[in-house]
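These notes are about the structure you will find just below.
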Amino acid sequence: MDSPKDDDERRVPSGRGDCAECGVACVEGQRYCLNCGARRGALPGAVAAQIKPMAERGRPGSKSAGVAAAAGATGAGTAVAATVGAGAAEAVKGTGLFAGIKMPSPRAAVVAVMCMLAFGVVIGSATSQLAQSAGLTSILLEPSPKPPAEPESEEEVEFEKEEPVEEETTVEETSPEVVAEAPEPEPEPEEPEEHELELPEEPAPPPTEIKHVFVIMLGENSYEETFGKTSVAPYLSQELPTLGELVPNYYAVTKGDLANQLALISGQGPTLETAANCPNYTDVVPVTTTPEGQVQGSGCVYPATTPSLITALAAKKLKWKAYVEDIGNGVAAGQAATCRHPLLGTPDTSQVPVPGDNYVTWRNPFVYLHSVLDSPECATTDVGLDQLVPDLKKKVNAKTPALSYIVPNACHSGAEVACESGRLAGAAGIEEFLKTVVPEILKSPAYLDGGLLAITSSQARQISAVPGFIPDTTSCCFYPTYPNLPPEAETPPGQTKPTGGSGKVGLMLFSPTIEAGSVDETTFANHFTLLKTITERLELEPPGYAAEPALLGFEESVLNPAAAEAEEEALPTGTRPLWLTGLSRAGSAAR
């Protein structure tokens, strides 16, 4: 039995010849005329059998006769498409399954079928042996003239209004060898331009934020006795300097142990009585105030209106405490256990230590301020040293004092004469006290969270039993005129003066931001400088002489060397911030 392919090829005339419809020359084996589209030779049997019933439906008088006639005008190929389209439409329309459904018009069906046949021609030409052997480079299919419009039924017209028919377009075949068009490649993402990797600059350390200040106030000790090379206190002169920063050029501001402590907490200059440690406990009278905020008068206890570090802390609602060693040892003699002081207008009976009670009043400067004495908080803020360690163990946010002022007793202050038989005197007597207190402070939460510890002496020794002793009366940096003392002879201003103070005492500073083991030989400072620094760091109003514009607090290079160095490097060449001009500027601003 012959295959469909053999049956189809057998009906193609052999040899060259002319088209029976239009007379155009055809090549051997050509099935259709390229000019008119007529088929050469008979249709394959299978195709003829399928078309015959459809052709009979297209006889004159039928609904599809007009469509068949129109298709005949376009050539055999188009006629087949029209006949198939019309017949198929009628067949589907006549079934019960699609009864009542509006179908496309024959002309629309013809267009659809022609498009399908055109696609089939392209595929067939690409795979046919004839197409592969043909010498044609391209085939252009020209559509036949559009057939005249035929009258259509009302149903068809209504359907076409809903579904408009697309206009026929010219189809052009570019080549018998159809190559699938490759999709356009997606644009590759643009690579960023190459730049050198710019690392963010390391932020400079923030300025020192001081939240808790600890002051350990020793007694009468010169710099050489405590921190110098000749010191007999190795813990104080050798071990502690490896943990903090030593400021050798630190001076007392006036004469008298008590007067220097009052200067540190209030900025007040001395009276004749405070310079002598107040043997009689009396009020300062009369009370007048200079433009510099200095109280003029005689006596020991300053009025409640006198500004001080305590009133500045109260204005900011910050807490303070004084931890005074042996303050409660006079209870047996009828003295108070806290806020201990003599009765106003009476002699002070605690001027010197006694066996079993090494507390002396003039080592506790807070009881010389009515702003403290007249407050009920004095009993809870001016307390014994035994409360220090429990307070240090409190969490930072548990109302840790912003100021902790620590006072050793007469045995641990560095007095030249031992407080009791068998006890050490001088700087050697300080060791026992500091070895107990300092480690507790340095490991406390308050110190680790913005803490600053300062250790200094009230003044250098002014009286000594040593033959040939010469007291140190030098002063430095800021030379105010004390209105309650006789005026001194004028001396040229400079870093230091040979008179007006109580000598060089030195200062040790400890803070988490301070470089351990450092020594600052360039900074010159005194008790007013430390007061100014405390008020600046705690953001308080400076009292007394600490408010003088000529006085500068500690510069950033002292309290936070890393931050100061970073800020100075960031400045343009030739510029320098005001606070880096050094405390030596204050020396030239002598009053």
Side-chain angles (χ1 to χ4, degrees), residues 207-210 213 215 247 249-254 259-270 288-296 302 305-313 315-316 318 403 452 454 456 474-485 487-488 490-497 499-501 507 509 520 522-560 563-564 567-568 571 575-591:
T208 307
E209 182 182 7
I210 302 300
V213 177
V215 177
V247 183
N249 298 307
Y250 183 89
Y251 290 75
V253 296
T254 187
N260 277 287
Q261 293 185 75
L262 284 169
L264 178 58
I265 66 172
S266 69
Q268 289 294 316
T288 58
T289 306
T290 69
E292 295 81 16
Q294 296 296 302
V295 175
Q296 288 182 296
Y302 286 85
T305 56
T306 305
S308 68
L309 186 55
I310 305 309
T311 59
L313 288 166
K316 291 291 293 285
L318 296 176
L403 172 68
L452 173 67
T456 190
T474 56
S475 60
C476 95
C477 320
F478 180 64
Y479 313 109
T481 299
Y482 299 129
N484 297 317
L485 295 182
E488 292 187 355
E490 290 291 334
T491 56
Q495 292 284 22
T496 62
K497 283 176 58 177
T499 60
L507 173 69
L509 292 173
D520 190 340
T522 62
T523 296
F524 284 75
N526 59 24
H527 291 324
F528 291 138
T529 305
L530 183 55
L531 174 59
K532 181 75 170 256
T533 302
I534 293 173
T535 56
E536 286 178 343
R537 298 300 173 173
L538 296 180
E539 298 181 353
L540 307 176
E541 191 69 28
Y545 281 130
E548 287 295 306
L551 181 70
L552 301 178
F554 284 124
E555 52 189 45
E556 202 68 34
S557 61
V558 177
L559 301 180
N560 191 353
E567 184 170 345
E568 187 174 12
L571 294 173
T575 62
R576 189 173 176 86
L578 179 62
W579 49 260
L580 281 177
T581 56
L583 291 173
S584 58
R585 289 182 64 253
S588 62
R591 295 175 57 84

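Every value quoted in this text rests on a predicted model; they were computed, and no experiment measured them. Quick note: residue numbers are just sequence positions, from 1.
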May I ask you to test the Thr305-Thr289 pair for a side-chain heavy-atom distance under 4.5 Å? no
Look up atom NZ in Lys497 and atom SG in Cys476, then write down how far apart they are to the nearest 0.5 Å. 11.0 Å
For the residue pair Ala546 and Leu551, what are the closest heavy atoms and their distance? CA-CD2, 3.9 Å
In terms of heavy-atom contacts, Arg537 and Phe554 come closest through NH2-O, 3.9 Å
Run Leu538 and Leu309 through side-chain contact (heavy atoms from CB on, under 4.5 Å) and show every step you take. CA-CA 10 Å; Leu538 296 180; Leu309 186 55; 5.5 Å; no
Between Leu540 and Ala312, what is the shortest heavy-atom contact and its length? CD2-O, 3.7 Å
Can you tell me how far apart CG (Leu262) and NE2 (His527) are? Round to the nearest 0.5 Å. 11.0 Å
Could you walk me through whether Thr535 and Glu541 pass the side-chain contact (heavy atoms from CB on, under 4.5 Å) test, one step at a time? CA-CA 6 Å; Thr535 56; Glu541 191 69 28; over 6 Å; no
Starting at CG of Leu552, measure out to OG1 of Thr533 and round the result to the nearest 0.5 Å. 9.5 Å
Measuring from atom OG1 of Thr290 to atom OH of Tyr482, what distance do you get when rounded to the nearest 0.5 angstrom? 12.5 Å
Minimal non-hydrogen separation, Leu559 against Leu452, with atom names: CD2-CD1, 4.0 Å
Looking at side-chain heavy atoms only, is the closest gap between Leu403 and Ile265 below 4.5 Å? no
Quick check for you: to the nearest 0.5 Å, what is the distance between Thr288 atom OG1 and Gln294 atom CD? 11.0 Å
With sequence neighbours left out, write down each residue that passes side-chain hydrogen bond (donor to acceptor under 3.5 Å, both in side chains) with Asp520, or none if nothing qualifies. Thr522, Thr523
Qualifying residues under side-chain hydrogen bond (donor to acceptor under 3.5 Å, both in side chains), relative to Gln261, sequence neighbours excluded: Asp257, Tyr405
Output the distance between atom NZ (Lys532) and atom CZ (Phe478), rounded to the nearest 0.5 Å. 8.5 Å
Please examine the side chains of Val253 and Tyr545, heavy atoms only from C-beta on, and report whether any two atoms are closer than 4.5 Å. no
Distance-minimising heavy-atom pair for Gln296 and Pro483: NE2-CB, 3.6 Å
So do the side chains of Asn526 and Ser475 get within less than 4.5 Å of each other, counting heavy atoms only? no
Testing the basics here: between Tyr302 and Gln268, what is the closest heavy-atom pair and its distance to 0.1 Å? CE2-OE1, 3.9 Å
Please check: side-chain N/O of Asn260 versus main-chain N/O of Gly501, any donor-acceptor pairing under 3.5 Å? no
Any idea how Tyr251 and Phe524 line up, ring-wise: parallel (<30°), tilted (30 to 60°), or perpendicular (>60°)? parallel
